[in-house]
Amino acid sequence: MSRPFYVTTPIYYVNDVPHLGTAYTTIVADALRRYHGLRGRETFMLTGTDEHGLKLEREAVSRGLSPKAFVDDMSARFRAAWPKMSVEADHFIRTTDPEHERLVQEVWKRVEQNGDLYLGSYEDWYCVGCESFKTEKELLAGNECPLHPGRGAEKVREETYFFKLASYADRLLNYYDAHPSFIEPESRRNEVISFVKGGLHDLSVSRASFSWGIPVPGNDKHVMYVWFDALANYWTALGGFGSDAERKYWAPNAEVVHLVGKDILRFHTVYWPAFLMSAGMPLPSKVFAHGFLTIDGQKMSKSLRNAVDPVRLAETPELAGADGLRYQLLRAVAFGQDGDFDHAAMVERYNADLGKNLGNLLSRTLGLCSKLTAGKAPAFDPGALPADIDRAFLRDRLELAGQVPQYWESLAPHLALEHTLRLASRANKYVDEAAPWAAAKAGNQPAIDAALGLLLEALKTLSELLWPAMPTKANELRKQLGLGPLSATVGADAWTMHNTRIDPLPGGHALAPSGALFPTIDKEREAELLSRLMPASTAPAALAPAAGGIPGHPSAIADSVAPAISYDDFAKVELKVGVVKTAEKVPKKDKLLKLTVDVGEPEPRTVIAGLALTFAPDALVGQRVIVVANLAPRDFGKGLVSHGMLLATGPSEKLVLATAPDSAEPGARLK
RNA sequence: GCCGAAGUAGCUCAGUUGGUUAGAGCGGGCGUUUCAUACGCGCUAGGUCGGGGGUUCGAAUCCCUCCUUCGGCACCA
């Protein structure tokens with residue numbers, strides 16, 4: 001009996017909406033589910049939404065909603081989006097599901113019983129955007145998180161439960177070593193190994209300062225750190241200890257594959273396995289990190305993300321709707337690497353692969369049948385083909401179809417589809433070689449029957465090979481062949497014989513041609529389509545501030561509210577106007593500049609600032625800047641000591657410096 | 001700066017036990033067929049295999065070095 005196959009997507013954080021990136025992961029997961037299902041395996045696909053955390057609590061409050069009402073609305077958008085892309089998950093989990101909350105607590109208790117939790121206190125910076133603590137070294141000047149510029153990280157001191165992650169370093173490394181395919185691609189595996197070898201710290205896994213989360217068992221003041229809650233979804237979704245699904249899919253003989261973006265690899269390959277080890281539960285078989293997509297060559301900024309709506313693409317019938325989107329994503333991007341979603345290339349690929357190659361093969365084959373075999377499948381004997389070209393085609397057909405499974409098995413859908421389309425291409429060549437129309441003039445009926453019989457069989461095979469990627473179109477193809485739709489049947493492998501022998505349509509089988517499967521798109525319609533689908537002018541629009549995001553989704557930045565401080569607290573900070581006198585790059589430090597700044601004192605001060613990614617040293621000389629003058633000196637080693645800090649905002653490579661007007665004298669105090 | 005990956009035809013890439021004229025798909029160009037969605041088929045790309053040096057009878061493929069790109073880590077008072 002084959003191994004049960006369980007595939008997951010990340011659960012998506014509901015502060016965002018479904019976009020091309022999340023659609024990509026989810027579509028790949030669905031295609032894998034379909035492939036393995038078609039091979040007769042028991043399959044289970046999971047997706048869902050991540051709905052806890054301080055950020056969501058605040059987002060809800062700022063909109064006058066309860067957290068639950070807010071996440072209900074946002075989660076529904078995800079749930080509604082996937083079926084439009086022909087994604088049929090077996091379960092859609094929400095971290096606010098009562099069952100999930102209950103089962104996470106069970107996992108927590110196991111970890112606790114294993115002695116891996118202890119109560120401590122934590123004082124550090126917390127970035128609401130990341131839902132994680134930051135060391136001071138991770139923050140930009142102004143205590144800004146590099147990933148969420150514009151909103152200060154918050155100083156947090158609170159009681160917290162720690163998970164003894166540090167003690168798991170060796171066990172994790174041993175596990176990676178013993179399971180080389182646990183983390184893929186290999187370069188990601190190396191990254192994780194070097195990260196763990198660098199040493200692990202115990203992990204804060206609870207919060208006591210807000211309440212939108214799962215209560216810690218036995219201590220209601222705490223809610224679980226969002227990652228403990230979120231990662232556990234992969235297991236809780238199956239129904240808990242001893243449930244049928246859990247015994248089938250979270251078992252040593254099951255194949256469990258987590259698809260993740262490379263940005264959350266660490267959580268899935270370090271924290272999650274450590275939690276599971278602690279709880280005495282089996283680990284997943286594989287964590288596969290895919291890359292990020294660019295859109296028409298541009299990084300997927302939030303505004304660009306919102307401009308390219310996967311649901312709209314899936315509802316574009318000219319490009320085969322959901323199937324067209326799926327094909328483009330699965331075929332164009334080497335899974336595991338970064339890829340580009342190029343609208344023009346999508347149309348080109350649609351025309352070339354689907355229209356001219358595959359679709360046309362169907363048209364010409366059915367056309368020949370209606371003319372030469374009365375619209376029915378001919379009877380012929382595959383074991384006694386009349387000509388060399390027929391036997392050569394049969395041999396290639398067996399070989400090509402036989403190559404496809406290995407690529408699906410190894411998580412390489414782009415290669416699986418490449419080889420699938422190669423069969424269509426080979427069949428087109430065979431039509432020309434066999435030239436049934438010429439055989440008809442010569443009155444050679446056996447040649448006609450063999451050729452058309454082989455071609456119909458190839459099309460039938462293609463429908464099966466394509467179904468994981470394009471279920472709707474594959475079934476339409478089958479309908480034209482007079483065949484019923486495919487569906488996965490446990491225990492019945494639809495592909496078993498593809499590489500050894502063929503199973504032709506029976507002689508006399510009625511065909512049902514019904515027009516072009518993939519109508520090609522001519523130049524004018526292509527231009528119209530692209531202007532409709534592509535985000536309005538990438539360049540100028542991108543310069544416009546992305547403030548506000550899409551309607552109804554106020555940007556997180558605008559809603560960030562730090563706790564109030566007293567005037568006395570503020571007065572402790574001495575802000576002064578300074579003039580940059582000199583600036584030079586600090587050798588071997590990418591971000592650091594060594595500045596001397598006149599703050600009205602006899603000697604200019606030395607300030608080390610992380611500005612080098614944005615500013616050339618010369619560009620800063622003469623600038624009137626705002627200096628935090630009474631910050632404790634900081635030693636960078638090698639004689640570099642910083643006596644102050646410059647105020648700035650933005651990500652490291654796009655900083656905006658806080659400056660003062662020329663009328664402000666160096667040394668003037670700001671208040 | 002440290003660690004890792006990569007730099008091959010216009011584009012996306014394949015190509016490591018070193019060995020004949022360096023490959024595929026797409027796009028482009030030329031030719032051709034007519035069953036077909038003006039679609040197919042055939043031919044065609046003359047690319048310093050990032051630069052330089054070395055080992056070898058012989059290197060895209062091994063060694064050294066440099067450059068560039070992309071990740072991860074460090075650096076941001």
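It should be emphasised that the depicted structure is a prediction, and the values quoted were computed from it without experimental measurement. A, B, ... follow the sequence lines: proteins, then strands. Residue 1 opens every chain.
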Sugar-phosphate only, base, or nothing, as touched by Val628(A) at under 4.0 Å among non-hydrogen atoms: nothing

Interatomic distance at P, C76(B) relative to A6(B), whole Å: 31 Å

SB check Asp338(A) Lys262(A) (cutoff 4.0 Å): yes

Lys/Arg cation over aromatic Phe518(A): Lys473(A), 6.0 Å, 45° cone: yes

Side-chain ion pair, Lys429(A) and Asp396(A), N-O less than 4.0 Å: no

Nearest-angstrom distance, C1' atom, A14(B) to U8(B): 10 Å

Separation of C35(B) C1' from Leu368(A) CG (nearest whole Å): 4 Å

Interatomic distance at P, U12(B) relative to G7(B), whole Å: 12 Å

A38(B) to U32(B) separation - C1' atoms, rounded to the nearest Å: 14 Å

Rounded distance in Å between the P positions of C62(B) and U20(B): 16 Å

Touch class at under 4.0 angstrom, heavy-atom based, for Leu366(A) against every strand present: nothing

Selected nucleotide, minimal atom distance to Arg364(A) side chain, candidates U37(B), C75(B), C35(B): C35(B)

Pairwise 5' ranking along RNA chain B for Ile608(A) and Ala516(A), keeping only the more 5' one: Ala516(A)

Pair Thr596(A), Thr606(A): side-chain N/O donor-acceptor within cut-off below 3.5 Å: no

Spacing of Asp340(A) atom CG relative to U69(B) atom P, expressed in whole Å: 19 Å

Nearest-0.5 Å distance that lies between atom CD in Gln480(A) and atom CG in Leu459(A): 10.0 Å

d(CG, Leu421(A); C1', U12(B)) in whole Å: 15 Å

Pair His414(A)-Val333(A), side chain to side chain contact (heavy atoms under 4.5 Å, CB included): steps then yes or no: CA-CA 6 Å; His414(A) 61 296; Val333(A) 180; over 6 Å; no

For C43(B), the Watson-Crick or wobble partner whose two distances fall under 3.5 Å: G29(B)

Pairwise P distance for C30(B) and A45(B), with rounding to whole Å: 15 Å

Sugar-phosphate only, base, or nothing, as touched by Thr520(A) at under 4.0 Å among non-hydrogen atoms: base

Lys286(A), NZ: over 12 other non-hydrogen atoms inside 6.0 angstrom: yes

Ring centers of Tyr24(A), His290(A) separated by less than 6.0 Å: yes

NZ or CZ of Arg266(A) within 45° of Phe195(A) ring axis and under 6.0 Å: yes

Separation between the P atoms of C43(B) and A24(B), rounded to whole Å: 10 Å

Parallel, tilted or perpendicular: ring planes of Phe267(A) versus Trp227(A), cut at 30 and 60 degrees: parallel

For atom NZ of Lys371(A) and atom P of C35(B), their distance in whole Å: 6 Å

Length of the NE2-P vector between His643(A) and C76(B), whole Å: 15 Å

Main-chain N/O of Ala320(A) paired with Tyr350(A) side-chain donor or acceptor, under 3.5 Å: no

Sugar-phosphate, base or nothing in reach of Gly644(A), heavy atoms under 4.0 Å: sugar-phosphate

Interatomic distance, Asn351(A) CG vs A38(B) P [rounded to whole Å]: 11 Å

Val431(A) to Trp437(A) - nearest heavy-atom pair and separation: O-CH2, 3.7 Å

Separation between the P atoms of G18(B) and C11(B), rounded to whole Å: 30 Å

Sugar-phosphate, base or nothing in reach of Pro436(A), heavy atoms under 4.0 Å: nothing

Salt bridge flag under 4.0 Å for residues Glu399(A) and Arg426(A): no

Atom pair distance, as rounded to whole Å: CG in Leu417(A) and P in U12(B): 20 Å

Contact under 4.0 Å: Gln337(A) side-chain N or O vs C13(B) OP1/OP2: yes

For nucleotides 70-73 of chain B, print each protein N/O atom paired with a nucleotide N/O atom at under 3.5 Å, atom names and distance only.
| from | atom 1 | to | atom 2 | distance (Å) |
| --- | --- | --- | --- | --- |
| G71(B) | O2' | Arg188(A) | NH1 | 2.7 |
| G71(B) | O2' | Glu191(A) | OE2 | 2.9 |
| C73(B) | OP1 | Arg266(A) | NH2 | 2.7 |

Nucleic acid contacts - residues 439-456 of chain A versus RNA chain B, non-hydrogen atoms under 4.0 Å: none

Gap between atoms CZ and P, on Arg426(A) and G25(B) respectively (whole Å): 14 Å

Base paired to A9(B) (Watson-Crick or G-U; both N/O distances under 3.5 angstrom): none

Paired nucleotide for U61(B) [Watson-Crick or G-U wobble; both distances under 3.5 Å]: none

Nucleotide N/O to protein N/O under 3.5 Å, stretch nucleotides 26-33 of chain B:
none

Counterpart base for A74(B), defined by Watson-Crick or G-U wobble contacts under 3.5 Å: none

Whether His179(A) and Tyr175(A) hold their rings parallel, tilted or perpendicular, with breakpoints at 30° and 60°: parallel

